[in-house]
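If you're wondering where the values come from, they're calculated on a predicted model, not measured in any experiment.
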Amino acid sequence: MDMNEHVAGSGAEPDPADAHPESDAALRGVIDDYMSTFEPEPEDTAGLRERILRLVRDDLYRGPSTHLQTGRGNPFSISTASVRSIVRIAVDSVDGIRARSVDVEPAGDPEGSAATVALTVAMRAGIPFAATAEVIRGSVAAAVLAELGIPAVRIDINAEDVYVD
């Protein structure tokens with residue numbers, strides 16, 4: 001079953017191992033090599049291989065995640081694509097500005113209690129960059145706080161292109 005069938009199909013979860021058999025086999029080999037370096041009790045290793053494989057498969061299936069923390073210190077993760085989408089929507093809401101690349105990294109103390117954002121934008125000709133950059137920062141900061149519950153402590157903006165309507 002390919003991913004398109006899963007999205008439109010029966011609702012059954014695809015097995016991530018079916019999508020990447022070579023990676024799965026390689027991972028099984030690494031686990032076996034590691035397990036052969038010591039002599040654990042059988043009851044200590046029951047299901048260990050499958051638990052490790054499930055973690056890796058789940059990560060492959062979901063894609064990369066950004067690890068953050070709530071204001072109360074509770075860790076959570078969200079797909080990196082979702083975080084970038086939140087920022088892109090905030091940038092694109094600014095008149096005459098279109099998001100290009102977006103990078104969001106965990107920051108703060110403890111790590112993940114805040115975020116730093118670096119983005120590149122295309123801007124319409126005639127837009128004053130300095131004033132518009134502050135509008136972009138405000139829009140991104142508000143979106144990150146509203147959607148993720150953490151502050152954006154730094155927002156770096158690089159205008160890499162100018163367009164004419």
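Remark: side-chain polar atoms of Ser113 are not paired, donor with acceptor, to backbone N or O of Gln69 under 3.5 angstrom. A distance-only check finds no donor-acceptor pair linking the side chain of Ser85 to the backbone of Ala81 [under 3.5 Å]. When atom types are taken as modelled, the side chain of Ser139 and the backbone of Ile136 share no donor-acceptor pair closer than 3.5 angstrom. Using a distance-only test at 3.5 Å, with no hydrogens or angles considered, no donor-acceptor pair links the side chain of Arg88 to the main chain of Ala99.
The shortest heavy-atom contact between Leu68 and Ala114 is CD2-O, 4.3 Å. Between Ile127 and Arg124, the closest heavy-atom pair is CG1-O, 3.0 Å. The shortest heavy-atom contact between Ser79 and Ser82 is OG-OG, 2.6 Å. Here the closest non-hydrogen pair linking Gly112 and Pro106 is CA-CB, 3.8 Å. Pairing each heavy atom of Ile150 with each of Ala115, the nearest pair is CD1-CB, 3.9 Å.
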Test side chain to side chain contact (heavy atoms under 4.5 Å, CB included) applied to Asp103 and Arg84, step by step: CA-CA 7 Å; Asp103 186 37; Arg84 289 177 178 160; 4.1 Å; yes
**Request:** Just do the side chain to side chain contact (heavy atoms under 4.5 Å, CB included) check on Thr80 and Val104 with the steps written out, would you?
**Result:** CA-CA 8 Å; Thr80 301; Val104 179; over 6 Å; no
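Hydrophobic cluster membership is shared by Ile86 and Phe76, with clusters built from Ile, Leu, Val, Met, Phe, Trp and Tyr side chains linked at under 4.5 angstrom. Cluster membership check: Leu119 shares its hydrophobic cluster with Phe129, using side-chain heavy-atom separations under 4.5 Å among Ile, Leu, Val, Met, Phe, Trp and Tyr.
Summarising the geometry, atom CE belonging to Met123 is positioned 11.0 Å from atom CG belonging to Asp95; distances are rounded to the nearest 0.5 Å. In this structure, Thr116 OG1 and Asp156 CG are separated by 7.5 Å, a value rounded to the nearest 0.5 Å. Between atom CD1 of residue Ile89 and atom CD of residue Glu147 there is a gap of 8.0 Å, rounded to the nearest 0.5 Å.
For CZ of Arg154, the number of neighbouring non-hydrogen atoms (other residues, nucleotides, ligands) closer than 6.0 Å is 12 at most.
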N/O donor-acceptor pairs under 3.5 Å from side chains in residues 158-165, not counting sequence neighbours:
unit_1 : atom_1 : unit_2 : atom_2 : d
Glu160 : OE2    : Arg100 : NH1    : 3.1
Asp161 : OD2    : Arg100 : NH2    : 2.7
Tyr163 : OH     : Gly96  : O      : 3.4

